Amino acid sequence: MIKLYVSLIGLLVVCSIFANTPVFAGTLLVANKNGHTVTLFDTKTYKKKASLPTGKIPHEVAVSPNGKIAVVTNYGDRNVPGNTLTLVDIRKKSVIKTIDLGKYTMPHGATWMNDNRSIIVTVEGMDGIVIVDVEKAKVEKFIKTDKAVSHMLAMDSKNERVYVSSIGGGAVTVIDLLNGKVIKQIEIGRGAEGIDLSTDDRWLWVSNRSDNKVLIINTKSLEIVKTFPAQEFPIRVSLDSNSKLAFVSNAYADSISIFDTQSYRLKKTIKLSSNFISRNEKWGRHKESSIPIGIEIDGERPVAYVAQTNADQISVIDLKTLRVIDSFGTEKEPDGMAFSSF
């Protein structure tokens with residue numbers, strides 16, 4: 001009887017432990033360019049939490065360091081350039097406000113500063129970046145890159161330096177944020193686009209979509225230390241949370257290449273498939289491809305998300321097995337994504 005009593009107590013303790021163990025789930029925010037929306041998905045079930053209106057043709061999403069607020073960049077297009085940011089309350093699943101950038105048009109890449117209040121955004125229409133106070137809904141500073149199509153950016157952990165890739169300018173512009181000045185233009189060839197920085201701030205990964213190359217830059221010397229080939233049209237680069245793996249989306253090859261960041265060796269190339277019929281004709285001879293672009297690493301679980309723009313689909317890659325384990329549909333033309341733990 002005593003043994004049974006002890007066993008029951010042990011069972012209750014175990015059940016209590018499991019009952020109090022958190023179930024890791026958050027929110028994946030997806031900007032849908034042709035839907036003019038941002039969709040919020042539960043990262044445990046992949047079910048849609050909400051679909052919120054944005055400005056015209058949203059491209060990228062950035063979540064604040066505390067995970068509570070997201071900014072969506074409303075790019076527009078070259079005929080009717082956009083000039084707004086949509087501010088989203090992730091927990092309430094609602095739009096807080098729209099920030100008007102005025103003359104600073106075609107906002108694209110975005111990253112938050114550590115204060116949870118300021119955000120840096122590339123503005124292609126002005127060949128530069130803006131620093132925006134989100135609470136005041138005001139542009140605080142503009143810094144010119146002098147490089148055409150300043151598209152994506154990465155910032156160091158101390159918010160002292162930002163790196164901007166310019167597709168038309170063929171360079172990475174290094175900006176000292178403390179002084180608001182350009183330190184160096186690193187020429188890497190026309191087509192500089194995908195960009196990400198290692199967690200120790202030492203290594204900058206950049207993809208050149210025109211030359212089908214990936215380049216590694218030493219952030220101390222600001223010199224290119226390694227260049228290696230990629231598949232067709234490498235358009236984004238994203239490092240995992242430990243900066244051990246680098247994911248490169250090859251838009252025209254319908255694939256994701258995964259590199260070891262220590263050896264620079266290719267670990268695996270994942271060919272992506274589409275469960276949906278494309279409705280997007282603008283990719284020309286590639287219109288039958290799913291066009292993988294955006295890559296986002298989950299902050300709670302060992303998975304990565306890939307937005308297949310031409311298929312209205314998100315694929316899920318297991319970071320341990322490096323295999324596609326799931327996929328789910330979203331709205332028209334998904335591109336930029338961001339994760340929040342809320």
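These numbers were taken from a predicted model, which means no experiment stands behind them.
- The neighbour count for K244 NZ, taken as heavy atoms of other residues, nucleotides or ligands under 6.0 Å away, does not exceed 12.
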Take S150 and E124 through the side-chain hydrogen bond (donor to acceptor under 3.5 Å, both in side chains) test and state the conclusion after the steps.
-> CA-CA 5 Å; S150 293; E124 288 187 14; over 6 Å; no
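- A distance-only check finds no donor-acceptor pair linking the side chain of D211 to the backbone of G191 [under 3.5 Å].
- Aromatic pair F41/Y305: ring centres not closer than 6.0 Å.
- F328 is listed as a side-chain neighbour of V316, based on a closest heavy-atom distance under 4.5 Å.
- The list of side chain to side chain donor-acceptor pair (under 3.5 Å) pairs with a residue in residues 213-222, not counting sequence neighbours, is empty.
- Cluster membership for V130 and M106, using ILVMFWY side-chain heavy atoms within less than 4.5 angstrom, is not shared.
- A donor-acceptor pair shorter than 3.5 Å can be found between the side chains of T84 and N74.
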Please walk me through it: do D335 and T309 pass side-chain hydrogen bond (donor to acceptor under 3.5 Å, both in side chains)?
-> CA-CA 6 Å; D335 189 354; T309 295; 4.8 Å; no
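- Here the closest non-hydrogen pair linking S243 and Q262 is O-NE2, 4.4 Å.
- Counting heavy-atom neighbours within 6.0 Å of K184 NZ, excluding the residue itself, gives a total above 12.
- Using a 3.5 Å distance cut-off with no hydrogens or angles, the side chains of Q231 and S257 do not pair a donor with an acceptor.
- Dense packing is recorded around NZ of K271, with more than 12 heavy atoms of other residues, nucleotides or ligands lying under 6.0 Å away.
- At distances below 3.5 Å, not a single donor-acceptor pair connects side-chain atoms of D318 with backbone N or O atoms of I325.
- Of the possible polar contacts, none joining the W203 side chain to the I216 backbone as a donor-acceptor pair under 3.5 Å is found.
- Minimum heavy-atom separation, P292 to L272: CB-CD1, 3.7 Å.
- The heavy-atom pair separating I295 from R236 by the smallest distance is CD1-O, 4.1 Å.
- Residue pairs meeting the ring-ring contact (aromatic ring centres under 6.0 Å, His included) criterion with at least one partner in residues 51-103, sequence neighbours excluded, are H59-Y75, H59-H108, Y75-H108.
- Sparse packing is recorded around CZ of R190, with 12 or fewer heavy atoms of other residues, nucleotides or ligands lying under 6.0 Å away.
- Across N79 and D77, no two heavy atoms sit closer than the pair N-OD1, 2.9 Å.
- Remark: side-chain polar atoms of S327 are not paired, donor with acceptor, to backbone N or O of S315 under 3.5 angstrom.
- In terms of heavy atoms, A230 sits closest to N250 at CB-OD1, 4.1 Å.
- Using a 4.5 Å heavy-atom cutoff, the side chains of P229 and N212 are not in contact.
- With contacts defined as side-chain heavy-atom distances shorter than 4.5 Å, the pair L87/I69 qualifies.
- Side-chain contact between I120 and M155 is present, with heavy atoms from C-beta onward closer than 4.5 Å.
- Using a 4.5 Å heavy-atom threshold, the side chains of E331 and H36 count as separate.
- Counting non-hydrogen atoms of neighbouring residues, nucleotides and ligands closer than 6.0 angstrom, the CZ atom of R323 reaches no more than 12 such neighbours.
- There is no side-chain donor-acceptor pair under 3.5 Å between S94 and D89.
- Under 3.5 Å, the side chains of Q313 and S290 contain no donor-acceptor pair of N or O atoms.
- Linking Ile, Leu, Val, Met, Phe, Trp and Tyr whenever their side-chain heavy atoms come within less than 4.5 Å leaves W205 and I224 in two separate clusters.
- Under the 4.5 Å side-chain contact rule for hydrophobic residues, I96 and L52 do not share a cluster.
- Hydrophobic clustering (ILVMFWY, side-chain heavy atoms < 4.5 Å, transitive): W112 and I129 are in distinct clusters.
- The side-chain heavy atoms of N32 and V30, taken from C-beta on, include a pair separated by under 4.5 Å.
- A distance-only check finds no donor-acceptor pair linking the side chain of T27 to the backbone of S340 [under 3.5 Å].
- At least one donor-acceptor pair closer than 3.5 Å links the side chain of K97 to the backbone N or O of V134.
- With hydrogens and angles ignored, the 3.5 Å screen pairs a side-chain donor or acceptor of S207 with a backbone N or O of G194.
- Both M126 and V121 belong to a single network of hydrophobic side chains, linked directly or stepwise wherever heavy atoms of I, L, V, M, F, W or Y lie under 4.5 Å apart.
- Residue T43 comes nearest to G26 through the heavy atom pair OG1-N, 2.6 Å, listed as atom of the first residue, atom of the second, then distance.
- A donor-acceptor contact shorter than 3.5 Å links the side chain of D201 to the backbone of S157.
- Considering F247, F228, Y264 in turn, F228 is the only one that fulfils the ring pair (Phe, Tyr, Trp, His ring centres under 6.0 Å) rule with F259.
- Remark: the backbone N or O of R161 is paired with a side-chain donor or acceptor of D156 at under 3.5 angstrom.
- Between D100 and N83, the closest side-chain pair of non-hydrogen atoms falls below 4.5 Å.
- Although no hydrogens or angles enter the test, the distance criterion places no donor-acceptor pair under 3.5 Å between the side chain of E296 and the main chain of S238.
- By the 4.5 Å heavy-atom criterion applied to side chains, L101 and P107 are counted as neighbours.
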